[in-house]
Amino acid sequence: MSYPAAPALPVGYSFHAGYPDVPQYLHLRAASGLSAKTTSQAAAIATGSWYGCYITYDAPNESPLPIGMGRIIGDGGWYFHIADMAVHPDHQRKGLGDVILKELLRQIHHESPADGKPYITLFADKPGRKLYYKNGFVDSAPGQLGMALKS
Ligand SMILES: CC(C)(COP(=O)(O)OP(=O)(O)OC[C@H]1O[C@@H](n2cnc3c(N)ncnc32)[C@H](O)[C@@H]1OP(=O)(O)O)[C@@H](O)C(=O)NCCC(=O)NCCS
């Protein structure tokens with residue numbers, strides 16, 4: 001799969017490397033239907049992630065608003081976990097999730113300094129599954145079963 005360095009976005013949207021600020025991040029997660037996180041949890045994403053990107057909607061006469069994001073938690077060597085794939089419902093089904101995912105994969109494949117094959121994982125909530133399959137992900141089961149510690 002090829003990953004163009006300058007992803008094409010619909011008119012009115014801009015691409016950024018990095019992360020939405022804490023309030024924007026918490027808002028985007030909540031608006032996208034993802035579980036709520038605390039401010040201190042959110043504060044760690046910018047320092048604890050390997051790479052992240054987000055898309056703003058640049059409405060006339062308003063500050064650009066982050067409406068989509070994704071990030072990678074990883075060691076930069078071989079193990080990369082994709083998290084926080086989220087696009088605000090008002091902006092879904094325009095290809096923005098696909099742009100974000102492809103850029104995350106491009107970073108891993110082309111910008112990581114390590115050689116060798118990367119191991120890329122994610123936990124796929126239902127809304128994202130088609131997008132992930134389309135971009136080359138396969139179910140890890142039955143060979144492996146994703147697990148999360150019961151909270
Ligand atoms: C998963 C998620 C990030 C996808 O974001 P998105 O921007 O809607 O994704 P895309 O637009 O790239 O693709 C979604 C669909 O829109 C379609 N699409 C893309 N461009 C389109 C366009 N211009 N017009 C209409 N449909 C379009 C895609 O083909 C795809 O359709 P399919 O699912 O039937 O294959 C988003 O749905 C979301 O945030 N969901 C809630 C949070 C969540 O569950 N996140 C996943 C955690 S694992």
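As the structure lists them, so they are numbered: ligands from 1, and atoms in each ligand from 1.
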Determine whether the side chain, the backbone, both or neither of [X] has a heavy atom under 4.0 Å from any heavy atom of ligand 1.
{"X": "K126", "answer": "neither"}
{"X": "L122", "answer": "neither"}
{"X": "K94", "answer": "backbone"}
{"X": "Y132", "answer": "side chain"}

Inset, instruction - Answer yes or no: does atom CG of D115 have more than 12 heavy-atom neighbours from other residues, nucleotides or ligands under 6.0 Å? - result: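 Count not over threshold, so no.
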Polar proximity ligand 1 side, [X] side, N/O cut 3.5 Å exclusive:
{"X": "G95", "answer": "yes"}
{"X": "G97", "answer": "yes"}
{"X": "H91", "answer": "no"}
{"X": "A124", "answer": "no"}

Which of the atoms of ligand 1 are close to [X], meaning less than 4.0 Å from one of its heavy atoms?
{"X": "K130", "result": "32 (P), 33 (O), 34 (O), 35 (O)"}
{"X": "S32", "result": "41 (C), 42 (C)"}
{"X": "A86", "result": "39 (O)"}
{"X": "G128", "result": "1 (C)"}

Inset, instruction - Return the residue, atom name and 0.1 Å-rounded distance of the protein heavy atom closest to atom 43 (C) of ligand 1. - result: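 Residue, atom and distance for the closest contact: L34 CD2, 3.8 Å.
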Legend entry - Top protein contact for atom 8 (O) of ligand 1, by heavy-atom distance: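 In this structure, atom 8 (O) of ligand 1 has R93 N, 2.8 Å as its nearest protein heavy atom.
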Legend entry - Under-4.0 Å protein heavy-atom contact, atom 1 (C) of ligand 1: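 For atom 1 (C) of ligand 1 the answer is yes, since some protein heavy atom falls inside 4.0 Å.
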